[in-house]
Amino acid sequence: MEKSVMSDRIIILFDQYSVESQLLHESFIQTGCECLAISLEENDFLPSAVTSVYDMISGDFWIEEEKRGCPRYFNEIAVPDNWSIHAGDKSVGNITYQHEEKGKIYYLQSEKHHLVEAVDWYDRKGCVRFRDHYNRYGNICARTVYDGNGKELCKSRFSKSGKEFITENFVTGDIILNYDDVMKIFRSKQELTGYWFNREGLGKNRIFYNSLVDSFFISNRLGGVERKDILFWQKSLCQDTLENMRMILGATSGRMDKIMVQKRSVYEKISEFDLDKSRVGKLGYIYSFKKENAHKPEAFIFTHSDKIEHCEELIQRFPQMHFHIAAITAMSSKLIKLENYNNVSLYPGAGKQVQDRLFLTCDYYFDINYMSEVRSAVYQAFLHNQLIFAFQETIHNKEYVLQDLIYPVAEFDRMVSDLKVVMEDVGIMEQRLKEQRKYALAESKETYVDLLGL
């Protein structure tokens with residue numbers, strides 16, 4: 001195992017590497033600063049630029065990338081002679097010997113099929129006795145042991161070389177770390193992570209995080225008293241969260257310097273409360289936009305249902321606009337009839353390739369369908385610089401839609417009037433797109449560098 005050198009790096013610490021975590025991480029990458037992204041979740045298939053605490057302790061993350069290996073396919077599982085491996089479907093496969101099931105293979109849910117995530121091994125009674133966990137490097141990184149009733153007893157973690165370095169006892173709740181011939185016992189993963197960070201001297205580093213749970217606990221218990229760590233708040237608010245923020249900002253000690261809120265609506269709500277305004281700010285993301293708006297009269301509607309507010313009226317009022325209506329399922333006769341209009345194209349059962357093409361092709365998006373949102377369509381429309389129109393009764397994600405372009409259903413005529421204006425004047429169209437990006441807190445590299453002191 002290799003000891004890492006990280007004293008000059010910013011650390012971005014996540015409880016989980018969620019979509020919001022990824023946006024924050026990518027924003028930091030675009031500033032060009034040296035940063036290390038660490039996720040506290042038990043996820044053995046994190047993206048290549050993100051490490052887990054387990055990979056840090058084992059040293060696997062510090063191995064040169066070309067030497068790390070890649071995920072293992074089902075037919076690369078080691079089995080005794082005369083045992084058979086069956087691929088199965090996209091979710092599971094199995095291992096047999098003379099028609100007796102000896103194991104079950106669980107696949108990683110990804111675009112590539114049959115990549116092994118875990119394998120359960122059965123005893124002669126057909127009970128699971130242990131599970132091998134595989135990682136993104138194709139190695140068995142952990143093993144969970146079960147009793148005869150299928151109850152978890154313990155889980156051991158291994159380095160690339162096969163050396164056991166952590167054992168979690170599910171009966172006692174203890175976590176045992178074996179490192180450099182020293183054994184330490186911890187009562188929680190928070191304790192283990194805090195110990196490891198202090199052992200590596202990470203109290204000297206600035207830590208940016210997006211949770212008031214594990215990440216905050218670890219940051220606040222590291223060495224160093226200088227206020228320099230920042231919480232990026234990406235969620236909604238409740239009264240308990242506000243009270244916690246007030247208490248943390250009012251404390252005389254602690255490492256947290258500021259709270260940066262990453263949703264406009266949440267920041268506006270926080271501003272109404274009695275918090276130290278000098279230590280609470282708003283900061284969005286540095287987005288990687290997929291294309292420029294070409295001002296083409298091509299509109300996209302992505303729906304789960306045939307209940308689309310004022311859809312036919314829009315089609316009739318704007319014969320110069322071509323409406324592309326897509327669904328991931330079959331379409332009802334109500335929608336099929338719309339194809340009688342020359343300015344309508346329908347895409348029932350639209351796959352990812354068709355969806356991606358429509359986001360690239362169209363320059364307008366109408367969030368006017370009821371029921372649930374499809375594939376974060378509003379966010380995707382925003383990333384593709386489509387000008388977004390919506391109704392208050394149908395909108396799915398207000399963070400990316402300019403407030404002036406959200407209308408009550410009863411004010412449909414106002415939507416029609418505003419749409420005519422932007423279609424007839426490229427300058428106004430560009431101004432609306434600029435306002436849309438500003439409203440969604442699309443930031444520049446310079447803004448990040450200046451506000452965060454990078």
Thr361 side-chain N/O to Arg357 backbone N/O, donor-acceptor pair under 3.5 Å
yes
Looking only at side chains, do Gln355 and Arg375 share a donor and an acceptor under 3.5 Å apart?
yes
State whether the number of non-hydrogen atoms from other residues, nucleotides or ligands found under 6.0 Å of Glu292 atom CD is greater than 12.
no
For the pair Asp132 and Arg72, find out whether any cationic side-chain nitrogen is under 4.0 Å from an anionic carboxylate oxygen.
no
Taking all non-hydrogen atoms of both residues, which atom of Lys438 and which atom of Arg264 are closest, and how far apart?
O-NH2, 3.1 Å
Check for a donor-acceptor pair, side chain of Asp356 on one end and backbone N or O of Phe359 on the other, with a separation under 3.5 Å.
no
Result of checking Ile301, Thr394, Leu314 against Ile308 for side-chain contact (heavy atoms from CB on, under 4.5 Å)
Ile301
Check the angle between the aromatic planes of Phe391 and His310 and answer parallel, tilted or perpendicular using the 30° and 60° thresholds.
tilted
Does any N or O in the side chain of Arg317 come within less than 3.5 Å of the main-chain N or O of Val416, such that one atom is a donor and the other an acceptor?
no
For the aromatic rings, using the six-membered ring if either is Trp, is the centroid distance between Phe74 and His114 under 6.0 Å?
yes
Look at the side chain of Asp180 and the backbone N and O of Val182, then say whether any donor-acceptor pair between them is shorter than 3.5 Å.
no
Return yes if a side-chain donor-acceptor contact under 3.5 Å exists between Asp418 and Tyr407, otherwise no.
yes
If every non-hydrogen atom of Ser52 is compared with every non-hydrogen atom of Ile38, which pair is closest and at what distance?
C-CG2, 4.5 Å
Residue pair Glu164 / Thr167, side-chain donor-acceptor N/O under 3.5 Å
yes
Would you please say whether a donor-acceptor pair under 3.5 Å links the side chains of Ser21 and Gln16?
no
How about Phe323 and Phe300: are their ring centroids closer than 6.0 Å?
no
Quick one about His133 and Glu117 (side-chain donor to acceptor, distance below 3.5 Å, no hydrogens or angles considered), yes or no?
no
Would you say the side chains of His113 and Tyr107 form a donor-acceptor pair under 3.5 Å?
no
Can you tell me how far the CD atom of Glu393 sits from the OH atom of Tyr370, to the nearest 0.5 Å?
5.5 Å
Going by atom types only, do Ser345 and His322 share a side-chain donor-acceptor pair under 3.5 Å?
yes
Side-chain (Asn293) to main-chain (Asn385) donor-acceptor, under 3.5 angstrom:
yes
Is there a donor-acceptor contact under 3.5 Å linking the side chains of Tyr17 and His25?
yes
Return the minimal non-hydrogen interatomic distance between Ile259 and Met245, and the atom names on each side.
CD1-CG, 3.8 Å
Please evaluate residues Glu443 and Ser27 with respect to the criterion side-chain hydrogen bond (donor to acceptor under 3.5 Å, both in side chains), reporting the C-alpha separation (whole Å), side-chain torsions for both, the decisive distance (0.1 Å), and the verdict.
CA-CA 9 Å; Glu443 307 289 2; Ser27 297; over 6 Å; no
Would you tell me whether Tyr195 and Gln190 have side-chain atoms, one donor and one acceptor, within less than 3.5 Å of each other?
no
So does Arg255 pair up with Asp229, basic N to acidic O under 4.0 Å?
yes
Just checking Lys307: does its NZ atom have more than 12 heavy atoms from other residues, nucleotides or ligands closer to it than 6.0 angstrom?
no
If we ignore hydrogens and angles and just use 3.5 Å, is the side chain of Arg143 paired with the main-chain N or O of Lys155 as donor and acceptor?
no
Tested for side-chain contact (heavy atoms from CB on, under 4.5 Å) against Pro71, the lone hit among Val116, Asn135, Leu115 is Leu115
Taking the six-membered ring for Trp and the full ring for Phe, Tyr or His, determine whether the centres of Phe165 and Tyr54 are under 6.0 Å apart.
no
Does NZ in Lys291 sit with more than 12 non-hydrogen atoms of other residues, nucleotides or ligands closer than 6.0 Å?
yes
Any side-chain donor-acceptor pair under 3.5 Å between Glu26 and Gln30?
no
Checking side-chain hydrogen bond (donor to acceptor under 3.5 Å, both in side chains) for the pair Tyr146/Asp120: CA distance, chi angles, key distance, verdict?
CA-CA 10 Å; Tyr146 301 85; Asp120 283 347; 4.8 Å; no
Distance-only, no hydrogens or angles: does the Gln436 side chain make a donor-acceptor pair with backbone N or O of Ile388 under 3.5 Å?
yes
Is the Trp233 to Tyr267 ring centre distance short of 6.0 Å?
no
Measure centre to centre between the rings of Phe208 and Phe232, then say whether the value is under 6.0 Å.
yes
Starting at CG of Leu237, measure out to CZ of Phe273 and round the result to the nearest 0.5 Å.
7.5 Å
Met423 versus Pro297, closest heavy-atom pair with distance:
CE-CB, 4.0 Å
I'd like to know whether Asp363 forms a side-chain hydrogen bond (donor to acceptor under 3.5 Å, both in side chains) with Gln386, so could you lay out the CA-CA distance, the side-chain angles of the two residues, the decisive distance to 0.1 Å, and finally the verdict.
CA-CA 4 Å; Asp363 286 326; Gln386 296 177 342; over 6 Å; no
Should Glu399 and Lys263 be marked as a salt bridge (Lys or Arg N to Asp or Glu O under 4.0 Å) after you check the CA-CA gap, both sets of side-chain angles, and the distance that decides it?
CA-CA 7 Å; Glu399 301 298 331; Lys263 289 186 177 181; 5.4 Å; no
Please name the pair of heavy atoms, one in Ala377 and one in Tyr365, separated by the smallest distance, quoted to 0.1 Å.
CB-OH, 3.2 Å
Test item: Ser159 side-chain N/O and Lys163 main-chain N/O as donor-acceptor pair under 3.5 Å:
yes
Which heavy-atom pair separates Phe366 from Leu419 by the least distance, and what is that distance?
CZ-CD2, 3.6 Å
Is there a donor-acceptor contact under 3.5 Å linking the side chains of Ser156 and Glu168?
no
Please indicate whether Lys277 has more than 12 foreign heavy atoms, meaning atoms of other residues, nucleotides or ligands, lying under 6.0 Å from its NZ.
yes
Check whether Phe197 forms a cation-pi arrangement with Arg221 (NZ or CZ under 6.0 Å from the six-membered ring centre, at most 45° off the ring normal).
no
Could you check Glu430 against His295 for side-chain hydrogen bond (donor to acceptor under 3.5 Å, both in side chains), going step by step and ending with a plain yes or no?
CA-CA 9 Å; Glu430 280 299 314; His295 317 122; 2.6 Å; yes
Is there a donor-acceptor pair closer than 3.5 Å between any side-chain N or O of Glu373 and the backbone N or O of His396?
no
Surrounding NZ of Lys184 (heavy atoms of other residues, nucleotides or ligands, distance under 6.0 Å), is the total greater than 12?
no
Side-chain ion pair, Lys160 and Asp60, N-O less than 4.0 Å
no
Answer yes when Arg157 and Asp44 have at least one side-chain N-carboxylate O distance shorter than 4.0 Å, and no when they do not.
yes
Check: Arg131 side chain, Thr144 main-chain N or O, donor-acceptor pair, under 3.5 Å
no
Step-by-step salt bridge (Lys or Arg N to Asp or Glu O under 4.0 Å) determination, Asp367 to Lys398:
CA-CA 10 Å; Asp367 186 23; Lys398 291 183 178 180; over 6 Å; no
